[in-house]
Every structure is written in C-alpha cells, then in structure tokens.
Amino acid sequence: MTATNTAMVAKYQNNFLQEVEANVEEGDWVKMCMQCGVCAGSCPLGNAWEHPPQEIFMMIRAGKREEVLSSESMWMCTSCYNCIVRCPRELPITHIMHGLANYAHRLGIAHKKNPTRRFAKIFWNNISKSGRVNELSLSIKLYFMDGIVSGIKKGLQMMGVGLGLVKTGRLDPMALISHKGIKDTKGLQAMLKKANEIEDKRKGYAS
Amino acid sequence: MAKKEYSFYPGCSSERKASASNYMVSVESMCKTLDIQLNEIPDWNCCGASIGYAEGGELPRHTLNARNIALSEKHNANQDIVATCAACWLGTKETQERLSHSEQMLADTKESLKEAGLENDYKGEVPIRHMVEVLIEDFGYEALGKPVTKPLQGIKIAGYVGCQTNRPFGVDGESFENPKYLDKLVETMGAEPVENYDQKVTCCGGALAFSEPEKSQVQIKKIIESAYDHGAEMIVTPCPVCQMNVEVYQDQINKTYGTKFKIPVTYYSQLMAVAYGSNAKEAGLNGNIVRAPQLEEIAAK
C-alpha cells in the first residue's frame, strides 16, 4: 500500500467514480456507458478479460475500487481502438483502459507480475533514457525480467526470430553500445521530469 | 509534377539496423520516383508508442509528442508532418487533438517544453499525416499508377490494414470495418488484391506480442490463415508493428499449431518501389525474413 493510495482513499471516501473522474485519463466519460457490451464483443483479446470494459465501468460506478484497480483486465488492451470506433456513445475506451492501468500502477495496486505492466515500464525507461527505442536493450530486459535462468530459456525460444532480424539488418547486435538516441537527451529528461512534477501536483499525488 | 516537400517523422523502428529499416529503404526509393522530399524533423524523439502508458503519465506522453511537433513547426515551418509508422502518426495526432481541446493540458505541456527550450515553438497547427494519406490525397491512384514500369502482374495480395492506420482516425473516406485503400494501391501496382479478406482490420496484438505472446499469436494465426484461405500469396501492410508481428512469429506458430505458414509480409512501399523499377535492395526486399521471391523476380528483370 503506497502513501499515495492511502491519501486517495482518504480524499475520496469511497466515491470511486469521483476518484476515477478526477485522476484517470478520460475518466469523466465513465458515467456515459450504457452497458451495451459492444466493446467486449469487439476486443481482440476479449476472452482474456476477467472483466470486459462495460463491466469495469459498472464496477467503478458501484464503488468496487479494489477489484477494479487490482484487475489484470485493462492490461489486456492491445490499443487496437476497435472499441472506440464501435462504441455507440463514443467513449474513448482505449484511453480509459490505459488511464486505469496507469493509475493502478501509480498507486502500487497493479499486479506486480503482470507482463504487460512490466514491459510497459521497461519500454518507458528505455525511451526516456535516450529519447529513442533501443530495440536490443528492450528485448533483453524483457526476456531477463524474471532472472537469468528464465531469461536464457526465453532467449533460446526467441533465438530464431532474433537471428532472422540480425541477418536481414533489422536488429543491431551491437546496439547496447552503438545505439545513439537523440542529441538533446538532457533537455528531454528535464522536460519529462517537469511534466511528471506538474502531473503529480495536479492530481495531488503524494511525492 | 512539381516536387512535394514534407516534414518527416521516421520513428524509432525506421532507424538504420532497427526492425523496420527496410520499410525506410523502400520509402526512400518510392519517394525518389514520386519526387517527394522528406525533411527529417531534427532530433525527433520516440512518440511513446501505445505501450508507454504504464510508467508514462498522460502529460509526459503528450509532452514527448509535443516536442516533435514543436521541432517540426520550428525547423520545417508550414510543412505537413508525415509519419510512416502507424503508432508515431497516431500518437502525434492524438497529442495535437488533446492539446487543442484542453487549455490546461496545453499550458502544462508548454511549461514542460520550456525545459527543452521549445515553449514558444509549439503551435499545434500543422496537419499530421500518415504516408498513405499523402499518396492517396496528394497524388491519387491515377498519378501513383503512372510511374509503374514493372506491373506486379499475377501476384495475389492480401491487404492487411491492421489497427492504428485505420482506427480511431483512419483515412478519409474509408470505413473502419472494410477500408479499401490498400486493395486499390495493390491494384494500381498491377497486382491482384484478394477479395473478402475478412481479417484485414484484425489486431495483431501490437506491443502485447512481446508481453502476451500466446494470446497475440492466436490473432496473428487468424490474419495469416484468412490470407491463405482467400488465395493470397503475399500480405501487404502500412504498419511496422503489423509487418513484424505477422512475419517473424510464423515459425513459432507453425510449431505450436502444426501449420505450415510461410507467407511474405511486405510494405506497400516495397510493392511500389518494385513496380517503379527499383532493384531488390532499393526496395528493401533483403530485409524480409520470409523472402518474397515473386517480387525479387520482378525486381531482377
């Protein structure tokens, strides 16, 4: 339980809808859902969602804070935007799912082991370091996130794909040292730091 | 036709020795024929992709894209921003839209941009377009067909549009459920688009191909199976993530499901480069893991 989470519980006094509206990306759309379920039927990974989007929206309105934020469902979003274009009420569902995932992660409630959560974190750290994706470092960190043994196993599984990419000039085996990124990394990092500070302040996150 | 100039946002995967470097090679060849000059945005950064959201909050993500827009509006003033990557295009466009709807978010973004010395450069006025929009809208099929010297006769191609060039913005005049532009491009290059390719807008799993490989490979299998079912010999796509996911996991899918997939997955720009007379190298065909022998044959003629 993080300090931010405790602060949010105190601040919103179990009015979870209000909390989502204030802190989650596009959260003020949640009350617009009319429970038709088109989003659930349109999701490519629909079967993998314990709670499909329309159910999550209803759970938010019913105040099921813990169940929603600890759910792995929104981490199944592939960002295909099918739900958005099909929703009869035009809810930005993809963004709300990203927003919920981000909020759950920020509060320390999201599943520590969820692979997409971990991958997303590795990805963000990767790009905020040099300004551009280092694909080699990204893959290595992903495969080795559960330690050496499992990393070697995954690495072997992915060997064919990796060699294919290297052979066709689409993966630089030397990228850990040769990858350059942008010139103004200093400016970029300062800019992101500032953006984080402003967002924390606006949302009342404990620092 | 007069030279056309754009402010170009290539994106991380288009860099040399990155996963879509062959896309870039073919785009350069295609642009040479069409007399398109791409002015790279100086020192552009990653768009945050669709997977940056866990650690990267809303404002930091928009700030990343705003930096690129500001750099473009500063150095390549009055030029439309053109991206070849679906995610780059989508992310940049989303930021521009969001900032135009929220004064607070715009002010916060500018305050962050100050740290990179760009607070006065963000205007958010320039159109942000995908390369296929440039082709369709600024040239049109007829003009795109004129430079064809080696029509791709007899090749049956499944136009796999995927998600992010199609939703939520899409290409003007196309439907979300059955966009036709890729089929028309295929036809314009002298090849044969397969009819009723029912998985043309199915998601390949996107970034979740890394984190949830089994679930994503179910998607990829559907996309490839349907292409075969409709008689395709090749798949073509406008998106680097679609290309990569549908191409590189074919062996793993074969192992899991006992299938015998071996279908080339190419970019529209590769088809165009070959039809415009480029050799295999100029069309980036040496970058395809599943080689496209039919294209290589035409390119060698």
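Just the heavy atoms: all of them, side chains too, but no hydrogens, waters or symmetry mates, feed the values below. The chains referred to below are lettered A, B, ... by the order of the sequence lines, with proteins before strands, and numbering in each begins at 1.
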Taking 4.0 angstrom as the limit, do A:Lys201 and A:Glu197 come out as a salt bridge?
no
How many angstroms lie between CZ in B:Phe176 and CZ in B:Phe169, if you round to the nearest 0.5 Å?
9.5 Å
Chain A heavy atoms under 4.5 Å from B:Leu118: which part of the residue, side chain, backbone, both or neither?
neither
What part of A:Ile84 gets within 4.5 angstrom of chain B, counting heavy atoms only: side chain, backbone, both, or neither?
side chain
Between A:Tyr143 and chain B, which part of the residue has a heavy atom less than 4.5 Å away: side chain, backbone, both or neither?
side chain
Side chain, backbone, both or neither: which part of A:Glu135 has a non-hydrogen atom closer than 4.5 Å to chain B?
side chain
Using a cut-off of under 4.5 Å for heavy-atom pairs, which of B:Glu247, B:Lys222, B:Gln104, B:His62 has the most such pairs with chain A?
B:Gln104
Given that the side chain runs from C-beta out, which part of A:Met145 has a heavy atom under 4.5 Å from chain B: side chain, backbone, both or neither?
neither
Is a salt bridge present between B:Arg61 and A:Glu25, judged by a nitrogen-to-oxygen distance below 4.0 Å?
yes
What part of A:Asn82 gets within 4.5 angstrom of chain B, counting heavy atoms only: side chain, backbone, both, or neither?
both
Checked A:Met191, A:Lys203, A:His105 vs chain B; the most non-hydrogen pairs under 4.5 Å come from A:Met191
Portion of B:Asn166 that has a non-hydrogen atom of chain A nearer than 4.5 angstrom
neither
Non-hydrogen atoms of chain A under 4.5 Å away: do they reach the side chain of B:Arg98, the backbone, both or neither?
side chain
Which atoms of B:Glu58 approach chain A - backbone, side chain, both or neither, heavy atom under 4.5 Å:
both
Among residues 164-172 of chain A, which residues come closer than 4.5 Å to chain B, judged by heavy atom distances?
A:Gly164, A:Leu165, A:Thr168, A:Gly169, A:Arg170, A:Leu171, A:Asp172
Side chain, backbone, both or neither: which part of B:Leu208 has an atom under 4.5 Å from a heavy atom of chain A?
side chain
Does a side-chain heavy-atom distance below 4.5 Å link B:Ser269 with B:Tyr23?
yes
Going by side-chain contact (heavy atoms from CB on, under 4.5 Å), name the residues that satisfy it together with B:Val241, two or more places apart in sequence or in a different chain.
B:Cys204, B:Cys239, B:Asn245
Pairing of A:Lys31 and A:Glu21 as salt bridge, 4.0 angstrom limit
yes
The interface call for A:Gln189 against chain B, heavy-atom contacts under 4.5 Å, is neither
A:Arg86 versus chain B, the contacting section by heavy-atom distance below 4.5 Å
side chain
Examine whether an atom of B:Ser13 lies under 4.5 Å from a heavy atom of chain A, and if so say whether it belongs to the side chain, the backbone or both; otherwise answer neither.
both
Under-4.0 Å salt bridge between B:Asp108 and A:Lys194:
no
Which atoms of B:Glu15 approach chain A - backbone, side chain, both or neither, heavy atom under 4.5 Å:
side chain
What part of B:Phe210 lies closer than 4.5 angstrom to a heavy atom of chain A: side chain, backbone, both or neither?
both
If you count heavy-atom pairs within less than 4.5 Å of chain A, which of B:Ser19, B:Cys163, B:Ser21 leads?
B:Ser19
Which bit of B:Asp43 comes within less than 4.5 Å of chain A, counting heavy atoms only: side chain, backbone, both or neither?
both
Would you call the rings of B:Tyr53 and A:His98 parallel, tilted or perpendicular, taking 30° and 60° as the class edges?
parallel
Chain A interface, residue from B:Lys17, B:Gln219, B:Glu94 that has the most non-hydrogen pairs under 4.5 Å:
B:Lys17
Got more than 12 heavy atoms from elsewhere within 6.0 Å of CD, A:Gln35?
yes
